[in-house]
Amino acid sequence: MKNLNIVPFVSVDNMMKLVLATGVERFLTGLADYIEEDFRRWELFDKTPRVASHSKEGVIELMPTSDGEVYGFKYVNGHPKNMKEGLQTVTAFGLLADVGNGYPVLLSEMTILTALRTAATSAMVARHLAPKGARTMAMIGNGAQSEFQALAMKAVCGVDRLRLYDIDPVATEKAMRNLAGFGFDMSFCRSSEEAIEGAQIITTCTADKQYATILTDNMVGAGVHINAIGGDCPGKTELHRDILLRSDIFVEFPPQTRIEGEIQQLDADHPVTEMWRVINGAAPGRRDARQITLFDGVGFAVEDFSALRFLRDRLRGTRFYDDLDMIADPDEPRDLFGMLLRAAS
Ligand code: NAD
């Protein structure tokens, strides 16, 4: 029998090796397909808004779900002030377990995996909602998530022109430097207005713990797809309310998005469409060329589950993991104390 007390652990180093060995764009495309597959079987999953512990500086959250056979959860934080202290705004790790016996089957770093899954989700959604043939994306907020967002939109949707803006030009210079070898035509922009000129997709991915207004209503023309992912906590939004009123809004899991997303600015019964219904053909996505579609993405547990499931499958046949002695599992199940005593000799 397999040694169930040994759990494969994917460190940051091994995650980077696996992603590079796979190729970032191939990894993102594969991940987007796994996420879409899980959105198709959405009704199977245990779903609950994430469990959030808010503080003045940020939030720490647990994100659990299960498809009845496998259980997963992610620990994640969001601390916008961290970046100025030389720390990540978002860090994460997560776990998969066998529902049959409750034993963990995978433990992984998820700071990098979260950036990948957030980008893959954005691109998977844009594949359904963005205007046909969209090639130009405005990328507003050029922090840790931004290059992942750009590459997923390229790999999954064919975006090859980027218009980048950040209040801190150093962030934009960093993103342009990192993306230089990936075949984008890139423009350095000095304002959000400039960034969205001619863009069919607008991604907002800024971090600020307030009701920010990255875009105002007069800036947004007909027919665009907005991928709003930076607003993901109570009191933390990016778009002016009037943009929401002009848009068809698509969400992951309404009970969570109503608390955390852009739609916290709207009445609790404002109509939104669940993305899994669009993917299953039960609800329309983009209907016409002038419609503004808005993905109010906050990040949902099923996407992390898909990411861990994808990771588990990609790991097969590789050595990009360590064996972690994580579960105390004596040969005689009732002799846990005996195992402790035997360790002394
Ligand atoms: P980060 O701190 O690395 O980068 C944020 C960037 O936004 C910084 O470069 C900052 O200068 C810029 N910025 C702040 N205010 C701005 C403004 N008004 N205009 C333009 N740029 C501005 O953060 P990150 O890791 O890239 O995350 C970005 C946001 O995305 C965070 O709020 C995070 O919580 C959120 N996030 C969402 C999901 C999701 O699933 N929806 C997943 C991960 C992160």
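Model, not experiment: these values are computed from the prediction.
- Of the candidates Phe310, Phe45, Phe300, Tyr71, Phe305 forms a ring pair (Phe, Tyr, Trp, His ring centres under 6.0 Å) with just one, namely Phe45.
- For the pair Asp46 (side chain) and Thr65 (backbone), a donor-acceptor distance under 3.5 Å is absent.
- One finds a salt bridge joining Arg127 and Asp33 here, because a Lys/Arg side-chain nitrogen approaches an Asp/Glu carboxylate oxygen to under 4.0 Å.
- Side chains of Ile226 and Val220 form a contact here, defined as non-hydrogen atoms less than 4.5 Å apart.
- By the 6.0 Å and 45° rule, Arg190 does not stack over the aromatic ring of Phe188.
- Counting only heavy atoms from C-beta outward, the side chains of Tyr211 and Glu238 never approach each other to under 4.5 Å.
- Centroid-to-centroid, the aromatic rings of Tyr75 and Phe93 come within less than 6.0 Å.
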Starting from the C-alpha separation in whole Å, work towards a yes-or-no answer on side-chain hydrogen bond (donor to acceptor under 3.5 Å, both in side chains) for Thr293 and His225. CA-CA 5 Å; Thr293 51; His225 173 64; 2.8 Å; yes

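- Using a 4.0 Å cut-off between charged side-chain N and carboxylate O, Asp248 and Arg287 make a salt bridge.
- Under a 3.5 Å cut-off, the side chain of Lys236 and the backbone N or O of Gly230 do form a donor-acceptor pair.
- Using a 4.0 Å cut-off between charged nitrogen and carboxylate oxygen, Arg50 and Glu260 count as a salt-bridge pair.
- Ion pairing between a basic and an acidic side chain is recognised when a charged N comes within 4.0 Å of a carboxylate O; Asp67 and Arg309 show no such pairing.
- A donor-acceptor pair is defined here as one N or O able to donate and one able to accept, closer than 3.5 Å; no such pair exists between the side chain of Glu57 and the backbone of His79.
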